[in-house]
S.K.: 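Next up is a structure, given as structure tokens.
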Amino acid sequence: MLPLIAGIGFGLMTAPACAQADPRPDPGVAITPRPAQVQLTGQDFHLPATLVLSVSEGDPAARATATYLRAALQAQLHRPVAIGSGGAIRLERVSDPMPAEGYRLSVTPQGITLRAQGDAGLFYAAVTLSQILEPPTNRAAGDPAQVPGMEITDAPRFGWRGVMLDSARHYQSPEWIRRFIDEMARHKLNILHWHLTDDQAWRLEIRRYPRLAEVGGWRVEAGEHRVSGGIYTQAQVRALVAYAAVRHVTILPEIEMPGHATAALAAYPDLSAGAAPRVPASGWGVYPNLFKPLPATLKVLEDILDEVTDLFPSRFIHIGGDEAVKDAWKSSPEVQAQIRALGLKDETALQAWMVRQMAAHLDSRGRRLMGWDEILNDDLPPSAAVMSWHGVAAGRSAARAGHDAVLSPVLPLYLDYRQGDAPEDGPGRGVFPLKLVYDFDPDTNGLDPAAAAHVLGVQANIWTELLRSEARVEAAAFPRLAALAEVAWTPAERRDWSDFLDRLPGQLAAYHRRGIGASNSALRVRLKSDPGLAGRAIVTLSTQAHLGTLRYTLDGSQPRPDSKRFALPIDAALPVRVRAAAFRDDMKLPGELDEVIESPVGADGMPLRLSLCTSGLALSLESQAGPVVRVDSRNPCWQTPEVAMDGAAALRLSLVSLPYNFELGEEAAGIALDPSLGAGGRMEVHLDRCDGPVVAALSLGDPARSLRQPIRMPLATTTGRHSLCLQVRRSTPGPFWALEQASLLAVGGMKNPPVP
Ligand code: ACM
């Protein structure tokens, strides 16, 4: 899942018409995802001092929703909320037909009424109400108790509004997953696809095969010397499933087969097609370890699925099926004999056969199989559903062939891509900004109605190879899950980026109040500095989403609503401290900038902007030393822009050690290694181009033995403007050095003692 960049498969799709939707903004109402219809009436409601929620007797689902709403409102409003009769907030059932999960909500001077036919609709009405009462976005100015009068009629565009959480690569605690489910519910997202098993871990307790979690739940990560991980007991899982159910979230478990199985095979070596791995994988990528598709193994897998179906009431059970490289099957006499015995053509047909066995087993338990798009073929049973990750084309083909399908294309729905390109954006792959997710078009036009009905919906996937902590997952997920929610819920013609952006500051403030570490990359002020005349720089400010007016100071003072407005690039004398913020009216938006641009070549050196020489496997990786560094793991090489080299005497570099932990199969042969270099390899600096003359070179220490290495490299005398290519030459495929920072030191600027 990590190194492969999937095809970009947008169909030519346009929105179906919805007669009722009004695309215009809903002034003064901030509800995300944006409801299908909002009408402001001007007949406001005054919140009483004591809030009472009323539900009818004998409606346990309505009572469960009222209990949820009471807790949400108490936390938001900091006052007691009761459930009783005659309350100003009423949860009511209607008998007239409503779309699935639909609801109506009215705010009148007499009170607030939530109406739905079904349980989910009533719950979503409650979620909407909690947003309406979220301070201060939806209040009439000046009176926090004034709720604007409105009529909302709402229902989702898609029934599948999913998020995949990878708890295999890195573990998240059940407590944190509860909070994540809470956030999903607030976004009206309803499927938590839980990736529980992979090469690196098996997290789920299976009673019949206890070693799966005992052995598979723990590993030593590449470059580390400690065991880490965790497992989910069946009791914990049952509690999470119940917690999610109250919030109308279904947990879809994924048990990977036949590949991504290293952890399981380390626990039960007899199940392995080739030589069994001894331990769960410590690195990333696609491992060749596969389950052996013989009857004894299939029986074990069916036993496992039986425990899984006991735990998870989900209609679908996901069996993975992706990235199963078949080398182990090709070289196994037993597996080859099985192919012949079954009269199959090849290993691909064998995987298809195995999927059919599992589908039949799940069907016999009243469940349906789901898998990644590799499982799609002409013989896939009609009950099996396809999750399209190589773009959306496979999902559309599956739907045409009569399979249910979910669209979760890498671009733009893999949220382990970063939200922005600043150091604050943390580790990840390339950059998928908020707007890219918002603009995803899952439209089903071009499909006939029967096929369109098979497109269940959309899903974002949060892989955690590089997202090592819960905080990292939060920063990757939010606010992009708000964008996903709007794609999945809001009618296409009501989806409006500028309206969403208008709501974003309030949304970020709400995350903040709830302690969710959402990213502010869309609003954060960014600085670009280009060389100016001697001793000066040309400074450009921008934000990713262009919200608000940019204002700045150069005197160290805080930017204010009356600070100078940024219009044209600033010509600044160096060094300079630039402080800047975006303002909407008088309100400062999140993401203020405070950055010092250093003088050109001086005693402390001039920091050099670094970009990658190649982008074959470009990742932002979290080093154990701390910093996140951008590197092409197949080619650790960085370039600088052109700088004046006159007077430059040396380079000061800060290097951090990274474990080399990518299972690349045959692609690994493409990595240049020179065994004649010492253990740490060598840093070479070339002038102008990476094949240009070498102006500095230095052997490096062993990156397996230290996490960080500061170095100073004398430069051959050079005049004029040049760019530099800083190439790490490696001797082994093990840990390697990556460049964190580089600066140029001047003649006469050597007051600092040389560093080792
Ligand atoms: C996947 O990303 N391999 C589903």
Side-chain angles (χ1 to χ4, degrees), residues 1-9 160 162-170 191-201 252-264 281 283-291 316-326 348 351 355 358 369-377 380 384-398 403-418 428-430 432 437 440 456-467 473 476-477 480 484 617 619 661-665 667:
M1 283 150 212
L2 187 67
L4 307 179
I5 307 298
I8 299 170
W160 189 290
V163 186
M164 190 217 68
L165 175 66
D166 174 3
S167 298
R169 270 55 176 274
H170 284 102
I191 305 283
L192 174 58
H193 169 174
W194 202 8
H195 188 77
L196 284 163
T197 74
D198 212 300
D199 293 306
Q200 295 76 14
L252 165 78
E254 181 183 355
I255 303 293
E256 278 265 24
M257 63 186 81
H260 286 290
T262 303
W284 316 125
V286 177
Y287 286 78
N289 306 309
L290 299 186
F291 283 110
F316 291 100
I317 303 292
H318 201 300
I319 56 91
D322 57 318
E323 300 179 318
V325 288
K326 305 291 192 305
T348 302
Q351 180 175 348
V355 169
M358 293 301 136
L369 178 143
M370 181 174 272
W372 298 109
D373 54 34
E374 284 94 332
I375 70 163
L376 180 61
N377 61 56
L380 185 67
V386 171
M387 193 168 267
S388 190
W389 69 281
H390 291 94
V392 298
R396 294 168 67 83
S397 302
H403 297 287
D404 282 342
V406 173
L407 307 180
S408 63
V410 174
L411 175 74
L413 298 185
Y414 271 29
L415 301 189
D416 54 333
Y417 280 73
R418 307 167 78 211
R429 307 203 233 179
F432 288 173
V437 176
F440 173 61
L456 302 181
V458 297
Q459 178 171 300
N461 295 336
I462 309 176
W463 300 106
T464 59
E465 288 101 332
L466 307 181
L467 305 175
V473 176
R480 287 186 297 193
L484 174 81
L617 181 46
L619 299 167
N661 56 358
F662 303 93
E663 178 74 20
L664 294 177
E667 287 181 59

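As the structure lists them, so they are numbered: ligands from 1, and atoms in each ligand from 1.
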S.K.: Scan side-chain atoms only and decide if W284 and Q200 contain a donor-acceptor pair under the 3.5 Å cut-off.
M.R.: no

S.K.: Using a 4.0 Å cutoff against the non-hydrogen atoms of Y414, which atoms of ligand 1 qualify?
M.R.: 1 (C), 2 (O), 4 (C)

S.K.: Heavy-atom contacts with D322 under 4.0 Å: which atoms of ligand 1 show up? List them by number with element.
M.R.: 1 (C), 3 (N), 4 (C)

S.K.: State whether the shortest distance between N or O atoms of E323 and N or O atoms of ligand 1 falls below 3.5 angstrom.
M.R.: yes

S.K.: Out of D166, I255, T464, N461, which residue meets the side chain to side chain contact (heavy atoms under 4.5 Å, CB included) rule with H195?
M.R.: D166

S.K.: Under a 4.5 Å cut-off applied to non-hydrogen side-chain atoms, are L380 and V386 in contact?
M.R.: yes

S.K.: The test is side-chain contact (heavy atoms from CB on, under 4.5 Å); show your working for L407 and L413 and say whether it passes.
M.R.: CA-CA 9 Å; L407 307 180; L413 298 185; 5.8 Å; no

